[in-house]
Asker: 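The structure follows.
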Amino acid sequence: MSDTTPKAPAQTPPKRLFIKTYGCQMNVYDSERMADVLRPLGYGVTDAPEDADLVVLNTCHIREKASEKVYSELGRIKEMREARTEAGGGRMGVVVAGCVAQAEGEEIMRRAPVVDLVVGPQAYHKLPELIARTARALGERLAADFAPEDKFDALTQARQADGVTAFLTVQEGCDKFCTFCVVPYTRGGEYSRPPADILAEARQLTDQGVREITLLGQNVNAYAGQGGLASLIRALAAIDGLARIRYTTSHPRDMDEALIAAHAEVPELMPYLHLPVQSGSDRILRAMNRQHTAETYLKLIDRVRAARPDLALSGDFIVGFPGETDQDFEATLDLIGTVNHAAAFSFKYSRRPGTPASAMAGQVDEAVKDERLQRLQALISQQQLAFNASQVGRTLPVLFERPGRHAGQILGRSPYLQAVHVDGPQSLIGKIAPVRITASAMNSITGDLAPEAVGAPA
Ligand code: SF4
């Protein structure tokens, strides 16, 4: 039996990690991997367990009495932890990893309450997530180096009504731990505002003339107020004057049947869904910790479209995630081809300090990312153009929001969130009127007020 510990770097980062490795060379390798995945969370390796903020015992089951050795080590760690707490040195986290953890899981937690986490060899990539969850449960903050203005951290706050449409924050935080994203670390766990507060705010907004509300949340469809997001939408739909409801951003895992049914049954809920998938490759989706596959995503889209056949779909895509091969990227293009989007947002993967993916091997060359992004955006643009063109000849209800750029022009939105340009009176702003679509472009459509609109707008 060897007893190996990865060596401490010359400069010690803010949090100290001590890993004790038992057993074979494979365990030595795994310990190094654990140190790697924890580095983005601010953990640097130390040789001194008594100083450690986090102690990991990477165990081996091969020898007899292996687990007894682990329990006696845990006894020593318990004493160290108590001494450290008494000396005001902060809390010491304790993780048992490796084969003993795999074999004895719950027994370890029962026999040794000093242990915070038990992690089997298949779950090392989840260590940052598990440690963040433990820290959350204990009400602690992680001291990782997160970029403050990260895209995934930016959530528009509810604002005063400044016209016809408004955003209303209903949920914050995230429990999903996608490996490229800082939100679960910076914003903490999912939190939902009480329905009564939201409804009161929505009434205030409609009293000020708002006709359309977009419900916001980092995981808006994880909304956990009574009855979930579907109930909230139904309650909002009953508010006088509120004509349109949208919500963003959703996670595929949280699209439940009630919400899908709301798309079929609540006319105020607009037929537009932003449902990020990020990649079409199951291998990459797993590395991203997305907790869905391409197939489950596509089946979900089928179910939502069965409920609301004219639903316009939008998504988010990341190209060049660490380890993404040409084949993985082609799988993403295939998925986009199958879904057929009305719009989508796409980004080159960029390392977010503090996220697990930032430490992953196989970072993709910038030139390759550029090329993939261009190909993906060309495909999305084709789909968006085709979607806009498919509206020509239809008559759509348009909510007019403001004057257009040209004299006599007014600008509104279709149910599918398309910008619609129309020549018409400003008196229509704040109203919904039927518009016959006559032309389309990449980012907007154009039409004429339908004859009935000129006389009596809604
Ligand atoms: S679902 Fe993923 S991308 Fe979205 S906020 Fe949570 S961790 Fe970030």
Side-chain angles (χ1 to χ4, degrees), residues 37 40-41 123 125-137 141-142 144-157 167 169-193 214-224 228-229 246-256 259 273-294 296-297 300-301 313-322 324 332 335 344-360:
V37 298
L41 273 191
H125 62 288
K126 288 212 167 213
L127 255 184
E129 168 181 342
L130 295 170
I131 284 170
R133 285 185 191 279
T134 307
R136 271 188 197 175
R141 274 191 70 80
L142 288 160
D145 172 24
F146 293 109
E149 79 304 358
D150 193 280
K151 164 188 118 55
F152 292 101
D153 199 19
L155 179 69
T156 317
Q157 294 298 311
F167 292 110
T169 300
V170 302
Q171 182 275 340
E172 281 209 319
C174 179
D175 288 344
K176 305 296 187 301
F177 289 91
C178 299
T179 53
F180 52 81
C181 182
V182 299
V183 167
Y185 305 100
T186 55
R187 294 279 175 154
E190 288 169 3
Y191 165 79
S192 299
R193 290 180 66 197
T214 301
L215 306 176
L216 283 183
Q218 269 121 2
N219 267 261
V220 70
N221 59 343
Y223 178 74
L229 190 63
R246 303 180 189 273
Y247 61 94
T248 197
T249 289
S250 297
H251 192 287
R253 294 267 310 202
D254 296 317
M255 273 321 282
D256 61 17
L259 188 52
L273 176 61
H274 180 69
L275 193 63
V277 60
Q278 310 297 1
S279 169
S281 156
D282 288 345
R283 215 175 59 81
I284 296 299
L285 288 170
R286 216 174 306 119
M288 288 176 165
N289 194 28
R290 286 291 295 175
Q291 305 171 44
H292 60 75
T293 63
T296 55
Y297 181 82
L300 173 60
I301 297 299
L313 263 161
S314 156
D316 286 345
F317 294 92
I318 294 174
V319 300
F321 188 80
E324 185 187 73
T332 301
L335 180 135
F345 301 93
S346 48
F347 311 91
K348 285 189 292 179
Y349 171 74
S350 68
R351 285 177 150 165
R352 310 279 162 192
T355 59
S358 67
M360 283 182 187

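Whatever order the structure lists them in is the order used to number ligands and atoms, beginning at 1.
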Asker: Classify the angle between the aromatic ring planes of His292 and Tyr297 as parallel (below 30°), tilted (30 to 60°) or perpendicular (above 60°).
Answerer: tilted
Asker: Using a 4.0 Å heavy-atom cut-off, which part of Asn219 comes near ligand 1: side chain, backbone, both, or neither?
Answerer: side chain
Asker: Using a 4.0 Å cutoff against the non-hydrogen atoms of Pro184, which atoms of ligand 1 qualify?
Answerer: 7 (S)
Asker: Relative to the heavy atoms of Cys181, which atoms of ligand 1 are at a distance of less than 4.0 Å?
Answerer: 3 (S), 5 (S), 7 (S), 8 (Fe)
Asker: Is the count of non-hydrogen atoms from other residues, nucleotides or ligands lying under 6.0 Å from Arg253 atom CZ greater than 12?
Answerer: no
Asker: Could you walk me through whether Lys176 and Glu190 pass the salt bridge (charged side-chain N to carboxylate O under 4.0 Å, His left out) test, one step at a time?
Answerer: CA-CA 9 Å; Lys176 305 296 187 301; Glu190 288 169 3; 2.7 Å; yes
Asker: So if I count the atoms of ligand 1 from 1 in the order they appear, which ones are less than 4.0 Å from some heavy atom of His251?
Answerer: 1 (S)
Asker: Rounded at 0.5 Å granularity, tell me how far CD1 in Ile318 sits from CD1 in Ile284.
Answerer: 10.5 Å
Asker: Out of all atoms in ligand 1, which are within 4.0 Å of some heavy atom of Lys176? Include the element for each.
Answerer: 1 (S), 6 (Fe)
Asker: So, do Leu275 and Leu300 sit near enough that their side-chain heavy atoms are less than 4.5 Å apart?
Answerer: yes
Asker: Can you tell me if, anywhere in Cys174, an N/O/S atom lies at a distance from atom 6 (Fe) of ligand 1 that is smaller than 2.8 Å?
Answerer: yes
Asker: Run the numbers for me: atoms of ligand 1, each under 4.0 Å from some heavy atom of Phe180, listed by number.
Answerer: 3 (S)
Asker: Numbering the atoms of ligand 1 from 1, which are under 4.0 Å from a heavy atom of Phe177?
Answerer: 7 (S)
Asker: Do the side chains of Ser192 and Gln171 get nearer than 4.5 Å, heavy atoms only?
Answerer: yes
